[in-house]
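Structure record follows, encoded as structure tokens.
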Amino acid sequence: LESIHNRYPYPVLVVGSKRMNGHFRKITHNEKIISEYIHGSYDDANNAALLKLIRQHLDNINQTVNDALHQKIEQATNAGKFSFGIEEVWRNVMHGHGNQLLVTRNYSYPHNISDMKGGLNGNIKDVRPEFIVDAGDLIIEKVLGNGGEVTFTAGDVLHDFNDIALFLYY
């Protein structure tokens with residue numbers, strides 16, 4: 001379980017009868033990676049029933065993760081180590097100043113690479129399609145290339161930060 005979780009760090013929910021979950025809890029060496037135990041007998045449950053069962057638990061886990069992320073954002077902001085908005089994030093990433101990028105899922109920002117000045121250029125009017133790339137993808141590639149990490153968030157988490165933000169080194 002631990003090797004799988006290290007490769008795929010998703011929430012781990014253990015579903016079973018109260019007695020079975022109790023036995024499992026006593027013998028597992030992976031208590032720290034188990035997010036929740038769900039009690040009940042679901043041997044005959046179909047996929048839709050299981051999804052409905054775990055949806056609320058996953059929502060609770062996501063809320064906890066989002067709360068921790070907001071707290072980290074507040075700490076970084078107070079320390080002056082947080083930037084947000086495409087222009088500010090672009091500038092910091094291109095200078096190698098960030099180590100964790102936060103980006104809303106499906107974020108996209110068109111970037112005109114035809115002028116080759118190195119800055120961010122969102123003016124794509126009358127530009128040939130081969131000169132238009134997604135600035136969000138370029139930022140992600142640069143952060144990962146510099147050894148940083150990228151966290152994709154739900155739509156409402158970064159709403160106040162224009163859907164893209166960067167933790168600067170601190």
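Because the structure is predicted, anything quoted here is derived from the model rather than measured.
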Connecting only ILVMFWY residues whose side-chain heavy atoms lie within less than 4.5 Å of each other, what is the rest of Met20's hydrophobic cluster? none
Give me each pair satisfying salt bridge (charged side-chain N to carboxylate O under 4.0 Å, His left out) with a member in residues 10-26, each pair once, sequence neighbours excluded. Arg25-Glu31
Under the rule for ring-ring contact (aromatic ring centres under 6.0 Å, His included), what residues qualify as partners of His29, not counting sequence neighbours? none
Checking His39 now: which residues fulfil side-chain hydrogen bond (donor to acceptor under 3.5 Å, both in side chains) with it, not counting sequence neighbours? Asn21
Within-4.5 Å side-chain heavy-atom neighbours: Leu53 and Val15: yes
Do you know the tightest heavy-atom contact between Ser83 and Glu88? CB-OE2, 2.9 Å
Phe82: which residues meet the ring-ring contact (aromatic ring centres under 6.0 Å, His included) condition with it, sequence neighbours left out? Phe161, Phe167
Point-to-point distance, once rounded to the nearest 0.5 Å, from CG of Asn92 to CG of Leu101: 11.0 Å
By the rule that ILVMFWY residues connect when side-chain heavy atoms come within less than 4.5 angstrom, directly or transitively, which residues belong alongside Ile27? none
Are the side chains of Asn99 and Leu168 in contact, using a 4.5 Å heavy-atom criterion? no
Where do Ile164 and Val89 come nearest, in terms of heavy atoms and distance? O-CG2, 4.0 Å
Count I, L, V, M, F, W, Y as connected when their side-chain heavy atoms are under 4.5 Å apart, and connections chain through other members. Are Val12 and Tyr37 then in the same cluster? yes
For Thr151, which residues count as a side-chain hydrogen bond (donor to acceptor under 3.5 Å, both in side chains) partner, sequence neighbours excluded? Gln100
Here the gap from Leu50 atom CG to Ile38 atom CD1, rounded to the nearest 0.5 Å, amounts to 9.0 Å
Checking His5 side chain against Leu1 main chain: does a donor-acceptor pair fall under 3.5 Å? no
Taking side chain to side chain contact (heavy atoms under 4.5 Å, CB included) as the test, write out the residues that go with Ser35, two or more places apart. Pro11, Leu13, Ile61
Any donor-acceptor pair under 3.5 Å from Thr77 side chain to Ile73 backbone: yes
Can you tell if the side chain of His70 reaches within under 4.5 Å of the side chain of Gln75, non-hydrogen atoms only? no
Would you check, one step at a time, whether the test side chain to side chain contact (heavy atoms under 4.5 Å, CB included) holds for Tyr107 with Asp137? CA-CA 9 Å; Tyr107 178 79; Asp137 288 345; over 6 Å; no
Does any non-hydrogen side-chain atom of Ile33 lie less than 4.5 Å from one of Asn6? no
Name all pairs fulfilling the side-chain hydrogen bond (donor to acceptor under 3.5 Å, both in side chains) condition that reach into residues 152-166, sequence neighbours left out, sorted by first residue then second. Thr104-Asp163
By side chain to side chain contact (heavy atoms under 4.5 Å, CB included), Val133 pairs with (sequence neighbours left out) His111, Ile113, Leu138
Do you know which two heavy atoms are closest between Ala165 and Leu158, and how far apart they sit? CB-CD2, 4.3 Å
Do the non-hydrogen side-chain atoms of Tyr10 and Leu58 ever get within less than 4.5 Å of each other? no
What is the distance from atom CG of Asp67 to atom NZ of Lys72, rounded to the nearest 0.5 Å? 15.0 Å
Any chance you could lay out the side chain to side chain contact (heavy atoms under 4.5 Å, CB included) test for Glu2 and Lys32, step after step, and finish with the verdict? CA-CA 10 Å; Glu2 189 172 357; Lys32 66 180 185 244; 3.9 Å; yes
Ile139 and Ile86 have their tightest heavy-atom pair at CD1-CD1, 3.5 Å
Atom pair NE2/CZ of His97 and Arg91 - distance to nearest 0.5 Å: 9.5 Å
Mind jotting down which residue pairs meet the side-chain hydrogen bond (donor to acceptor under 3.5 Å, both in side chains) criterion with at least one end in residues 40-61? Sequence neighbours excluded, please. Glu36-His57
Flag yes if more than 12 heavy atoms outside Asn106 fall under 6.0 Å of its CG atom; otherwise flag no. no
Test Trp90 against Tyr109 for side chain to side chain contact (heavy atoms under 4.5 Å, CB included), laying out the working first. CA-CA 11 Å; Trp90 174 273; Tyr109 186 89; over 6 Å; no
